[in-house]
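All of these numbers come straight from a predicted model, not from anything done at the bench.
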Amino acid sequence: MSSAANTPKSGFANPDQVLIHRFLEQGGHPLPIDSNPMAIALGATLLAVDPQEGQVEIGFDPQPLFIQGTGVLQGGAISAMLDFAMAFATMARLPASGSCATTNISTSFLRPAPQGHYVATGVVDRCGKAMAFTQARLVEAGTGRLVATAASTLVVMT
């Protein structure tokens with residue numbers, strides 16, 4: 001959101017930031033991510049936020065619409081889960097007036113991902129005034145098996 005007219009009344013530049021701060025104010029209890037239609041379709045739930053470290057955990061229960069012909073999650077859905085984790089980690093580090101947008105993402109798919117429950121952990125490696133550099137891991141919740149990793153660069157907007 002680039003103009004003051006589009007800024008949510010809470011003073012946050014991005015509705016996802018509102019959700020992150022609501023999560024922190026409520027004591028860190030799991031909170032469904034309802035601020036984005038894609039997050040809703042992916043069954044996203046905010047599980048943990050550490051603003052000082054720039055780290056988040058998000059759980060996902062993707063809908064069947066993300067299953068491709070071979071019975072596994074489509075790569076774009078996996079990349080989206082990782083992207084959410086990296087963007088949320090970045091937003092957790094930014095002031096209320098800031099936001100971010102992914103400028104590039106590189107995803108490595110390590111094994112097939114059947115429909116199920118997943119947890120993505122996003123970490124900010126470095127956050128400057130103009131750019132943030134992040135990484136994320138996606139694991140099967142039940143087994144802890146690593147499914148995919150990603151790295152991204154995000155533009156910081158303040």
Side-chain angles (χ1 to χ4, degrees), residues 1 8 12-63 66 73-113 115-158:
M1 297 182 180
F12 292 93
N14 186 311
D16 293 328
Q17 279 186 319
V18 174
L19 187 125
I20 289 167
H21 288 273
R22 186 172 45 166
F23 174 87
L24 293 169
E25 290 168 2
Q26 294 177 357
H29 301 291
L31 183 65
I33 300 175
D34 59 3
S35 54
N36 180 297
M38 180 71 149
I40 293 167
L42 287 169
T45 300
L46 192 55
L47 302 174
V49 175
D50 184 336
Q52 287 73 36
E53 294 296 319
Q55 184 168 326
V56 301
E57 283 188 7
I58 301 175
F60 293 95
D61 288 300
Q63 295 181 14
F66 296 108
L73 291 172
Q74 195 270 343
I78 292 170
S79 290
M81 291 184 242
L82 292 161
D83 189 35
F84 272 114
M86 293 181 286
F88 270 63
T90 302
M91 283 185 282
R93 291 277 306 266
L94 297 177
S97 62
S99 190
C100 63
T102 303
T103 61
N104 78 21
I105 184 171
S106 174
T107 304
S108 296
F109 303 99
L110 306 175
R111 63 176 32 96
Q115 187 175 5
H117 182 66
Y118 292 88
V119 176
T121 302
V123 178
V124 175
D125 292 326
R126 182 177 180 285
C127 187
K129 292 182 181 191
M131 304 296 283
F133 302 89
T134 64
Q135 59 182 308
R137 300 169 51 89
L138 184 69
V139 299
E140 287 181 290
T143 66
R145 290 186 340 158
L146 185 61
V147 172
T149 61
S152 74
T153 305
L154 299 97
V155 64
V156 172
M157 301 173 281
T158 54

If every non-hydrogen atom of [X] is compared with every non-hydrogen atom of [Y], which pair is closest and at what distance?
{"X": "T107", "Y": "S79", "result": "OG1-OG, 3.1 Å"}
{"X": "P95", "Y": "Q17", "result": "O-NE2, 3.2 Å"}
{"X": "H117", "Y": "G59", "result": "CE1-CA, 4.1 Å"}
{"X": "G122", "Y": "A89", "result": "O-CB, 3.6 Å"}
{"X": "V156", "Y": "A132", "result": "CG2-N, 4.0 Å"}

How about [X] and [Y]: do any of their side-chain heavy atoms sit closer than 4.5 Å?
{"X": "Q52", "Y": "D50", "value": "yes"}
{"X": "L31", "Y": "L19", "value": "yes"}
{"X": "I40", "Y": "N36", "value": "no"}
{"X": "F133", "Y": "M131", "value": "yes"}
{"X": "P30", "Y": "L46", "value": "no"}

N/O donor-acceptor pair under 3.5 Å between [X] side chain and [Y] backbone:
{"X": "S106", "Y": "A151", "result": "no"}
{"X": "Q26", "Y": "H29", "result": "no"}
{"X": "Q135", "Y": "V124", "result": "no"}
{"X": "Q115", "Y": "P62", "result": "yes"}

For residues 136-145, dump all side-chain donor-acceptor pairs below 3.5 Å to protein atoms at least two apart in sequence or in another chain.
residue, atom, partner, partner atom, Å
E140, OE1, T143, OG1, 3.2
E140, OE1, R145, NE, 2.8
E140, OE1, R145, NH2, 3.3
T143, OG1, R145, N, 3.1

**Message:** If you apply the rule salt bridge (Lys or Arg N to Asp or Glu O under 4.0 Å), what do you find for R22 with D34, and how did you get there?
**Reply:** CA-CA 12 Å; R22 186 172 45 166; D34 59 3; 3.6 Å; yes
Identify the residue among [options] that makes a side-chain contact (heavy atoms from CB on, under 4.5 Å) with [X].
{"X": "Y118", "options": "L42, L73, D61", "value": "L73"}
{"X": "L47", "options": "T121, I58, V119, V56", "value": "V119"}
{"X": "C100", "options": "D16, V155, L94", "value": "L94"}

**Prompt:** Between S97 and T158, is any side-chain donor less than 3.5 angstrom from a side-chain acceptor?
**Reply:** no
**Any donor-acceptor N or O pair under 3.5 Å, side chains T102, S152** =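 Absent: no donor and acceptor within the cut-off.
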Nearest 0.5 Å, please: how far is [atom2] in [Y] from [atom1] in [X]?
{"X": "T90", "Y": "L154", "atom1": "OG1", "atom2": "CG", "value": "4.5 Å"}
{"X": "Q55", "Y": "T134", "atom1": "CD", "atom2": "OG1", "value": "12.0 Å"}
{"X": "F66", "Y": "Q74", "atom1": "CZ", "atom2": "CD", "value": "8.5 Å"}
{"X": "I33", "Y": "F23", "atom1": "CD1", "atom2": "CZ", "value": "9.5 Å"}

**Message:** Filter on ring-ring contact (aromatic ring centres under 6.0 Å, His included), then keep only pairs touching residues 83-109, sequence neighbours left out; what's left?
**Reply:**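 ring-ring contact (aromatic ring centres under 6.0 Å, His included) check on residues 83-109 returns no pairs.
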